[in-house]
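Below is one structure, written out as structure tokens; comments come after it.
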Amino acid sequence: MRSRRKGDEGLSSLLFVLSILKRPRHTHCLLTRFIFSPSSSPPPLLRRPPTHVNMTVKRRAHGRNKKGRGHVKRVRCVSTGKAIPKDKAIKRFVVRNIVDASSLRDIREASAYENYALPKLYIKMYYCVEAAVHQRIVRGRSKEGRKVREPPARFSGKKD
């Protein structure tokens with residue numbers, strides 16, 4: 001960035017005035033009044049637009065869980081293979097039997113042990129947003145629904 005020198009204010013205002021000369025004719029009369037009375041603030045048509053406009057935000061954390069960290073490692077989506085930030089990924093922890101129910105019955109009948117419990121398969125699945133929405137793992141929510149931060153009720157299994 002260039003350091004400001006003593007004559008820069010006049011140069012920047014001159015460039016601003018020259019950019020206004022390209023505007024429609026009715027602004028010239030406002031321009032002449034502004035040039036001959038520099039103590040007053042510029043008329044509304046000649047004011048510069050604000051440099052920063054607050055845009056609407058859809059999610060309060062912008063779809064992430066990063067907070068104080070500047071950078072987060074990436075993980076691979078199990079569906080698409082896309083590299084996504086770990087805090088943005090939709091995470092699901094899956095606990096399954098290693099074999100399906102029909103094979104499990106065959107293994108129990110052929111087993112020499114009476115009550116042998118087969119080990120389970122524990123997998124942490126990461127999905128990118130597009131794949132999770134497409135596979136209906138998560139769904140789009142209404143404006144009020146997006147503000148709800150508590151997790152949905154868990155599936156409790158069989159009740160006797």
Side-chain angles (χ1 to χ4, degrees), residues 1-5 8-9 11-13 15-20 22-24 27 41-160:
M1 200 167 136
R2 209 175 77 179
S3 63
R4 294 190 72 103
R5 285 179 283 179
D8 279 354
E9 295 85 21
L11 181 65
S12 65
S13 62
L15 290 173
F16 177 61
V17 168
L18 290 175
S19 70
I20 291 171
K22 295 176 185 173
R23 293 185 184 182
T27 56
S41 65
L45 282 173
L46 302 181
R47 279 193 206 118
R48 291 184 184 181
T51 55
H52 179 72
V53 178
N54 288 338
M55 293 185 68
T56 55
V57 175
K58 196 169 186 181
R59 289 169 193 86
R60 92 180 211 177
H62 309 288
R64 301 192 66 161
N65 191 18
K66 190 162 62 79
K67 297 303 174 207
R69 294 173 280 283
H71 184 77
V72 177
K73 296 263 188 199
R74 291 178 177 259
V75 292
R76 291 283 177 173
C77 171
V78 294
S79 179
T80 61
K82 182 179 180 181
I84 38 167
K86 190 175 181 180
D87 63 314
K88 189 174 188 172
I90 288 100
K91 298 167 259 313
R92 293 291 178 265
F93 194 73
V94 179
V95 181
R96 279 197 313 241
N97 287 326
I98 289 178
V99 293
D100 59 342
S102 61
S103 302
L104 185 65
R105 192 177 68 242
D106 294 341
I107 291 169
R108 280 207 181 128
E109 288 171 2
S111 177
Y113 299 105
E114 284 294 318
N115 293 326
Y116 177 70
L118 274 172
K120 292 187 179 285
L121 195 63
Y122 299 93
I123 308 171
K124 183 140 189 194
M125 314 268 270
Y126 294 102
Y127 294 94
C128 63
V129 175
E130 302 87 51
V133 169
H134 180 71
Q135 295 173 12
R136 295 190 180 98
I137 294 162
V138 291
R139 299 194 178 209
R141 296 190 288 172
S142 67
K143 195 172 184 180
E144 288 78 30
R146 284 196 291 268
K147 292 178 183 178
V148 176
R149 295 183 55 84
E150 70 232 9
R154 287 193 159 189
F155 178 70
S156 60
K158 295 178 184 177
K159 290 184 180 179
D160 291 324

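All figures in this text were calculated on a predicted structure; none of them were measured in a lab.
Judged by distance alone, the side chains of Glu130 and Thr80 never bring a donor and an acceptor atom under 3.5 Å apart.
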**Evaluation steps, side chain to side chain contact (heavy atoms under 4.5 Å, CB included), between Val138 and Arg92** = CA-CA 11 Å; Val138 291; Arg92 293 291 178 265; 3.6 Å; yes

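Residues forming a side-chain contact (heavy atoms from CB on, under 4.5 Å) with Ser103 (at least two apart in sequence, or on another chain): Val99, Asp100.
The only option from Val129, Val133, Ile84 that meets the side-chain contact (heavy atoms from CB on, under 4.5 Å) definition with Ile90 turns out to be Val129.
Note that the CZ atom of Arg139 and the CD1 atom of Ile137 stand 11.0 Å from one another [nearest 0.5 Å]. Interatomic distance, Lys147 NZ to Arg141 CZ, rounded to the nearest 0.5 Å: 12.0 Å.
Around atom CZ of Arg108, no more than 12 heavy atoms belonging to other residues, nucleotides or ligands sit under 6.0 Å away. Counting heavy-atom neighbours within 6.0 Å of Tyr113 OH, excluding the residue itself, gives a total of 12 or less.
Smallest separation of non-hydrogen atoms from Cys77 and Cys128: SG-N, 3.3 Å. The heavy-atom pair separating Arg69 from Asn65 by the smallest distance is NH2-O, 3.3 Å. Contact detail for Pro85 and Arg64: the closest heavy-atom pair is CB-NH2, 3.2 Å. Of all heavy-atom pairs between Gly63 and Lys88, the closest is O-CG, 3.4 Å. Contact record, Arg74 with Ala83: NH1-O, 3.2 Å, taken as the closest heavy-atom pair. What you find for Lys120 and Ile98 is that their closest heavy atoms are C-CG1, 4.2 Å.
The closest donor-acceptor contact from the side chain of Arg76 to the backbone of Gly81 lies under 3.5 Å. Side-chain atoms of Lys91 come within 3.5 Å of backbone N or O of Lys86 as a donor-acceptor pair.
In this structure, Asp87 and Lys67 have side chains that are not in contact, with every pair of non-hydrogen atoms separated by 4.5 Å or more.
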